[in-house]
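Quick notes on the structure that follows.
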Amino acid sequence: MSDDRSNQSAPLSLTQEQLWFLTRLDPASAFYNTTATWDLTGPLDLGALHTALARIMDRQHMLRTAVTELDGVPRQSVEDGVAVPLTVSDLTALPEDERAPAADRLVSEEVHAPFDLRTAPLFRVRLIRTAADEHVMVFVMHHIVADGWSLQVLVQEVADLYAAAVTGADLQLAPLPKQFADYAVQQRERLAGPRREKLVSYWSERLAGAPGVLELPTDRPRPAEASFRGDRHTFTVPQQTHLALTALGRSAGASPFMTCLAAFAVLLSRWSGQNDILLGTPVGNRDRAEWTSVVGYFADTLVMRTELADDPTFTQLLARVRRSSLDAFVHRDLPFRALVEALEPERAPHRNPLFQVMFILQNIPPRRRKVEFAGLTMALREDVRTTSIFDLRLDLFQSEHGLRGQLEYNTDLFDRTTVERLADRYLALLADACAAPDTAVSALSLGAPPPADDLGAGFNDDLEEA
């Protein structure tokens, strides 16, 4: 598919195939939308924006791809003649004080609207005019055609090609040697032989005996039917703690990912009372230069196991997490779907297999909060989605300003106050682990008197008392 021909089909990658199956279970859901919303300030040339998007769609095959079935098997098909999915809404006729709320409603509608995987494009843009030189622009793509990195690619190409269209410059972006469909074919070929057997053998041994469910104490019983309603709580790691974490990791030869993961595993162990913790973490799978500028769903999920039964010191645990992380990343080529098929773990209703909590330390170039080009300033808005696929998800974002955290949680299970106090406990644990890394993890301070005996159901009450 790398020769720019269209009307071709290719198999889905194994990760895409898993997402296709999940989407079919609930086709009206927007859980798997990937979105970004920007405030635009400055004179906007609508024709130049349309031209830029058209050129990107011609260049990036996934932006005009549909998922069809052939004899019951899903395939991705690149289509010709796909119109640029740009919708423009003009709110300037409204009273000025009504425009922002109306724009917010349109943004929410856009990011929560589902896609029909059978119809290209699985990508759309909504432009909302709120004043002569003020707009809101929303990018929405189904996850089956794009990951978080792809949004970075899209934003940069929009900026470059828009600027060229405004000035009349003949900008030619570097040609893409391959498209995502090439990656999907290569992945299946790579996993068709003994490599797959070796990977399955490794993961079967690595996860042998691990619990399939992390029983976090919840504020309410788990509902019979999952709603996937969610919310987010953000927090900032104090600069002093961030510097201490960096120093501790450096002394142990551990990355910030490893150090923060180790602390999060301790927190979850203390909260749940379990001493064997499985967490999911995403991997980008763009380790070759030819994939860097390609829009596609390269990302997958690794299962990270942290064992704490022997009550190690934090230093010992960090060394353990370092070894297991490096080993896991060496064996990352087995897609999560293939891992679940091979292990056949016991399934609990409405719970993700193997893990129910995600940990992410952003290792992609951060979306710049502001992008300036051709007289326009684009400022990124916070994500407005109110869904949570997992019970809990911790995102940590590194920047020149420090370390920021975000806890996404399932509101069917947890109250905001519980999650806020959980974040406070995590910060306290990080600080104490840095101050006394040779302390047993069971004795690290959580910033409040520890629960007397019960670290299970009473832990939420103790969070309330902190």
Side-chain angles (χ1 to χ4, degrees), residues 30 33-57 59-60 62-63 84-92 94 96 99-113 115 121-143 145-166 171 173 232 234 293 295 362 364-387 395 397 399-401 404 406:
N33 286 0
T34 298
T35 70
T37 303
W38 301 81
D39 288 309
L40 275 62
T41 305
L44 177 68
D45 185 327
L46 185 58
L49 177 61
H50 190 280
T51 297
L53 291 172
R55 289 190 62 185
I56 293 169
M57 290 180 67
R59 165 184 171 80
Q60 299 282 0
M62 293 308 290
L63 298 184
V84 174
L86 173 62
T87 302
V88 180
S89 302
D90 191 339
L91 303 182
T92 56
L94 294 177
E96 189 171 349
R99 296 175 194 173
D104 290 343
R105 287 192 296 271
L106 290 176
V107 169
S108 181
E109 290 172 7
E110 197 67 50
V111 302
H112 290 101
F115 287 96
L122 302 178
F123 155 69
R124 60 178 180 260
V125 180
R126 170 71 73 97
L127 185 70
I128 306 165
R129 187 171 186 245
T130 57
D133 289 341
E134 294 181 4
H135 297 78
V136 180
M137 185 163 64
V138 191
F139 296 155
V140 187
M141 297 185 280
H142 195 284
H143 211 357
V145 299
D147 52 20
W149 186 293
S150 297
L151 276 172
Q152 309 293 328
V153 172
L154 179 60
V155 168
Q156 188 59 57
E157 294 193 353
V158 165
D160 291 342
L161 292 172
Y162 173 89
V166 166
L171 175 65
L173 298 179
R232 295 171 177 82
T234 60
S293 298
V295 169
Q362 294 287 9
I364 62 175
R367 300 175 198 170
R368 290 174 289 173
R369 305 302 301 178
K370 286 189 177 181
V371 181
E372 297 182 353
F373 57 95
L376 281 178
T377 298
M378 289 175 57
L380 182 66
R381 286 189 176 190
E382 295 295 331
D383 196 335
V384 300
R385 287 174 300 168
T386 54
T387 57
D395 287 83
F397 306 91
S399 74
E400 66 275 16
H401 304 297
R404 183 171 62 92
Q406 176 179 274

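We count residues from 1, following the sequence as given. All values derive from a computational prediction rather than experimental measurement.
Between L106 and L91 there is a side-chain heavy-atom pair separated by less than 4.5 Å.
Scanning for salt bridge (Lys or Arg N to Asp or Glu O under 4.0 Å) contacts around D45 gives an empty result, with sequence neighbours left out. In this structure, the side-chain hydrogen bond (donor to acceptor under 3.5 Å, both in side chains) partners of E157, at least two apart in sequence or on a different chain, are R59, Q60. Taking T87 as the reference, nothing meets the side-chain hydrogen bond (donor to acceptor under 3.5 Å, both in side chains) condition, with sequence neighbours excluded. With sequence neighbours left out, the side-chain hydrogen bond (donor to acceptor under 3.5 Å, both in side chains) criterion links T92 to D90. Applying the side-chain hydrogen bond (donor to acceptor under 3.5 Å, both in side chains) rule to R124 yields the partners E110; only residues at least two apart in sequence or on another chain are considered.
Of the possible polar contacts, one joining the R99 side chain to the L94 backbone as a donor-acceptor pair under 3.5 Å is found. A donor-acceptor pair under 3.5 Å links the side-chain atoms of N33 to the main chain of A113, judged by distance alone.
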With side-chain contact (heavy atoms from CB on, under 4.5 Å) as the test, would you mind laying out the steps for D39 and R381 before giving the verdict? CA-CA 7 Å; D39 288 309; R381 286 189 176 190; 3.0 Å; yes
Using a 3.5 Å cut-off and no angle test, enumerate the donor-acceptor pairs between side-chain atoms of residues 47-55 and protein atoms at least two apart in sequence or in another chain.
unit_1	atom_1	unit_2	atom_2	d
T51	OG1	G47	O	3.0
R55	NH1	L171	O	3.1
R55	NH2	L171	O	2.6

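The aromatic rings of F123 and F139 sit tilted, their planes meeting at an angle between 30° and 60°.
Minimum interatomic distance between T35 and L151 (heavy atoms only, all atoms of both residues): O-CD1, 3.6 Å. Among all heavy-atom pairs drawn from V371 and A159, the shortest one is CG1-CB, 4.4 Å.
L44 CG to M378 CE: the interatomic distance, rounded to the nearest 0.5 Å, is 10.0 Å.
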